[in-house]
Amino acid sequence: MFAYLLRRLLYAIPILIGVNLITFALFFVVNTPDDMARMQLGAKRVTPEAIAQWKAERGYDKPLLLNLDAKGSGVLTETIFFAKSARMFAGDFGRAEDGRDITREIRLRMMPSLAIAVPTFALGLFVSVSCALLLAFFRATRLDFWGVVLCVAMMSVSGLFYIIGGQYLVSKLWRLVPISGFGEGLDAWKFLILPVAIGVVSGIGASTRWYRTLFLEEIGRDYVRTARAKGLSEIDVLFRHVLRNALIPILTGVVAVIPLLFMGSLLSESFFGIPGLGSYTIDAIGAQDFAVVRSMVFIGSVLYIAGLILTDLSYTLVDPRIRLER
Amino acid sequence: MNAPPILPILLWSDALIWLLALAGATLAALSWRNPPSRAAWRRVGANRPGMAAATILAAFVAVGLLDSLHYRPRLENPLPEQAAAYAVEVLSALDALAAPLRLASEKTYSAPLATRAYAKETMEIRAADGSLRTLRDFPRLKYGGAHLGDDEAARDGDVLAKALAAAALAAGVFAALAWAVARVLARRAGERVGQAWSRLWKGETGFAWNAVLIASGALLLALLPILALCGDYHVFGTDKVGQDVFYQILKSVRTALVIGLVTTLVALPVAIGLGILAGYFRGWVDDAIQYLYTTISSIPGVLLIAAAVLMMQVIIDTHPQWFATAAERADLRLLSLCFILGLTSWTSLCRLLRGETLKLRELEYIQAAQAFGVADLAILRRHVLPNLMHLVIITLVMDFSGLVLAEAVLSYVGIGVDPTMTSFGTMINNARMELSREPAVWWSLASAFTFMFTLVLAANLLADAVRDAFDPRG
């Protein structure tokens, strides 16, 4: 078990290096620092001196990969790749184009993101599993049929409309909660309740349909027939046998998402004005702040890989038939 | 001197769209000759919701294809000795057909079917005695209900009469269509038309004709009144700059189709090629390909797209000399978005195909082919690839709706299509603050929502039908 974990962690290193190289290629080779300087300075103030100064201030004036003028290890370290990309492995993300420290910003904005993402995730999982169980209980009836139709219809609505419609109805027409904003501590609940509710509703369609398929697959198995044959009621069969076994694929499927909750939600954070990582990313994209986008790419891939490893571990925890030997 | 009145333009995305239509037709012909896949397509044809959805989708595709025939009109030049000059504006066949919609621009917002603008304005009116008076009122629209003249009260009656006439026409066309189908069915089965008629509506035909007919009836009933009214009114209102919303909706369809289809076209060859190679050859090839797709899929999709689109934007901005017209620039941005989406979305299909190939290569018939000394490439082409096609087809239709939805989100974030290009995403993005106006401007959002929902729902239903028919487990 421990050896397996170690192997997986080691395997993550070449992947992260790959991610780093891809982002480096996108941000510095396809698009040179000169181009970036021109974009940031705006059309009017572009002079060779201004570009050189902009690059020097941000450390973009070094060579890309190899610095042949430097001595010793400086050949590798006195380069943009080392200064901007390789340092991320140590958790040092440098400064945004506006001069703020990215690491500090991320630490500040993590909590608001989690305050939305975790309740949405937990509540969404609970609601979807319950709905799917209901549909599975009434399988092959009108309720099941129209339930699936409703799920497909809900899947077909763009997430933007859930947010825009929800804000319009709840905040503008009914004036139940403020339209947007964020508060400290316990006051935050009235800002959080609408984004969480919308997040849950917008995810219900797809996940209920998927979980229903899993339940139905499980219901067709032999042990379920045995359970029914020995006289268990349908409710008992569903809750004690089907639910437990179907939870294995459901849980292992959602475990991969848990680390990514830290990234926050791009859309709802920016619509509701919540100062989390999602709105940070959107603002950075809008302002063409490449340093921030680069850092978020790196953090996102670290979290994704963490999710993959967690998925594998959760398999062994919930299903004793699976062993991680290889 | 007789220069043609139009200069045909083939945008890159047009070429790809028509290529795609051609490829679709070829693929359909090929799979019709192959009995198992013909049986699968027959099962799709028997699926009622699926066929109703396919009918609706066909209407969207027709609009999209019409909008993919581009040209530049010749400018009127008075001097005959000058060489003919063409407008920088690129138009499409759809623009030509919808010219009354495109050119009927008001000043600003107006509600659906309105004859007056949304906001009050100060106007100067000459009174009967010749003195000027200023008046604050809703100004009369230039085009909306212009044929009514001063008799604005007649609007309701006019709208109702036109809509009813169009609905009656729709009912007539529907009846004619249904009768024609029944006749064809009757001739094929050698029975009376009455028998075929009742068989048709009881759903006893192999192909889901009743679903197709009902869907086309609903389509006619919804579209004909709109078409009858859209020449005289703004059926879905106008937006902030006074452009007709219905026209924007029509233009958005092509963008959605390009995003949904061309992206898959980009992703398919990569996914199929790499997936098969990894599964068939295993060893270091497999390791390398697995490393590649794990790395790419570990970057959060939105961020990878954002990074790539930002880079693309810089390249486009720094090379204005590449593009003769604004349409070409917007088109390149659309295509690059398709490529970027394709490069981020091939990984899941690749993983799926690799797993399936791993299973296939252990089967007896492939081992027999290897023992006979058939070349690897021939085995892959003749034995492996055809047995993976069902997965490819299922993925193709399942991805479409997701991509259409993704376009809206990306355009909202600012990394979608060019802001000058009409799409559902840019429509929503422009309209998102309108609900907070007083009174709310709801029509832009509501129509974008309705049409996008219809498109995505139809795509989802068709995808379900195709998956049920092709998935061997189902």
Side-chain angles (χ1 to χ4, degrees), chain A residues 11-12 14-19 21-23 26-27 30-32 34-36 38-39 148-149 152-153 155-161 163-165 167-168 171-173 179 217 260 263 266-267 270-271 278 281-282 284-286 288 290 293-294 296-305 307-308, chain B residues 49 291-292 294-315 317-318 401-402 404-409 411-415 424-425 428-429 431-436 438 440 442 445-446 448-449 452-461 463-464 473:
Chain A
Y11 187 59
I15 291 177
L16 282 179
I17 293 177
V19 169
L21 283 174
I22 290 177
T23 43
L26 270 176
F27 282 104
V30 178
N31 187 45
T32 61
D34 285 28
D35 291 334
M36 276 196 299
R38 256 177 235 126
M39 292 286 292
V148 174
V149 169
V152 177
M155 281 165 64
S156 309
V157 177
S158 166
L160 291 167
F161 284 115
I163 298 177
I164 295 175
Q167 265 186 334
Y168 179 70
S171 298
K172 198 187 167 207
L173 283 189
I179 282 189
E217 224 165 72
L260 287 173
M263 299 285 287
L266 294 178
L267 285 184
S270 80
F271 266 102
T281 314
I282 294 233
I285 291 171
Q288 311 221 333
F290 295 138
V293 177
R294 219 161 49 217
M296 295 310 287
V297 168
F298 187 76
I299 296 175
S301 15
V302 171
L303 293 174
Y304 178 86
I305 293 168
L308 287 186
Chain B
Y291 171 73
L292 188 67
T294 317
T295 306
I296 289 183
S297 61
S298 78
I299 303 177
V302 184
L303 288 175
L304 186 58
I305 294 164
V309 170
L310 287 181
M311 297 305 101
M312 200 59 211
Q313 193 54 44
V314 173
I315 292 177
D317 286 348
T318 45
S401 53
V404 174
L405 292 178
E407 185 275 328
V409 172
S411 293
Y412 167 75
V413 179
I415 49 177
F424 290 122
I428 299 170
N429 192 17
R432 73 193 143 126
M433 301 314 274
E434 290 175 358
L435 280 183
S436 52
E438 207 57 57
W442 49 270
L445 270 179
F449 167 77
M452 198 172 157
F453 176 70
T454 314
L455 175 64
V456 175
L457 183 64
N460 275 333
L461 289 176
D464 277 1
R473 285 182 308 166

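Order of the sequence lines sets the chain letters (A, B, ...), proteins ahead of strands, with each chain counted from 1.
For the set Ser301(A), Ser270(A), Ser171(A), the count of heavy-atom pairs under 4.5 angstrom toward chain B peaks at Ser301(A). The residue among Leu455(B), Leu405(B), Leu461(B) with the most heavy atom pairs within less than 4.5 Å of chain A is Leu405(B). Comparing Gly425(B), Ser297(B), Ala408(B), Ala308(B) by how many heavy-atom pairs each has under 4.5 Å with chain A, the most go to Ser297(B). Counting heavy-atom pairs closer than 4.5 Å to chain A, the top-ranked of the candidates Val413(B), Val309(B), Ile428(B) is Ile428(B). Highest contact tally toward chain A, considering only Ala306(B), Ser298(B), Ala459(B), is held by Ser298(B) [criterion: heavy-atom pairs under 4.5 Å].
Side-chain contact check for Thr294(B) and Tyr11(A): no donor-acceptor pair (N or O, by modelled atom type) lies under 3.5 Å.
Proximity to chain A (any heavy atom under 4.5 Å) is shown, for Val404(B), by neither the backbone nor the side chain. Residue Leu260(A) does not touch chain B at all, counting heavy-atom pairs closer than 4.5 Å. Interface remark: Leu457(B) contributes backbone and side-chain atoms alike to the contact with chain A (heavy atom separation under 4.5 Å). Only the side chain of Ile22(A) has a heavy atom closer than 4.5 Å to any heavy atom of chain B. Contact annotation for Leu292(B): neither backbone nor side-chain heavy atoms come within less than 4.5 Å of a heavy atom of chain A. At a 4.5 Å heavy-atom cutoff, the contact between Ile164(A) and chain B is made by backbone and side-chain atoms alike. If you measure heavy-atom distances from Leu308(A) to chain B, the contacts under 4.5 Å come from the side chain alone. If you measure heavy-atom distances from Phe449(B) to chain A, the contacts under 4.5 Å come from both the backbone and the side chain.
Atoms CD1 and OH, on Ile163(A) and Tyr412(B) in that order, are 7.5 Å from each other to the nearest 0.5 Å. Annotation: the span from Ile285(A) atom CD1 to Leu303(B) atom CG amounts to 6.0 Å, rounded to 0.5 Å. Here the CD1-CD1 distance, from Ile299(B) to Ile15(A), works out to 11.0 Å after rounding to the nearest 0.5 Å.
Taking every heavy atom of both residues into account, Ala440(B) and Tyr168(A) meet most closely at CB-OH, 3.7 Å.
Thr454(B) meets the side chain to side chain donor-acceptor pair (under 3.5 Å) test with no other residue; sequence neighbours excluded. Applying the side chain to side chain donor-acceptor pair (under 3.5 Å) rule to Ser158(A) yields no partners; only residues at least two apart in sequence or on another chain are considered.
Looking at Leu266(A), Ile282(A), Val297(A) one by one, the single match for side chain to side chain contact (heavy atoms under 4.5 Å, CB included) with Val302(B) turns out to be Leu266(A).
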key: Working for side chain to side chain contact (heavy atoms under 4.5 Å, CB included), residues Lys172(A) and Leu435(B)   = CA-CA 9 Å; Lys172(A) 198 187 167 207; Leu435(B) 280 183; 5.7 Å; no
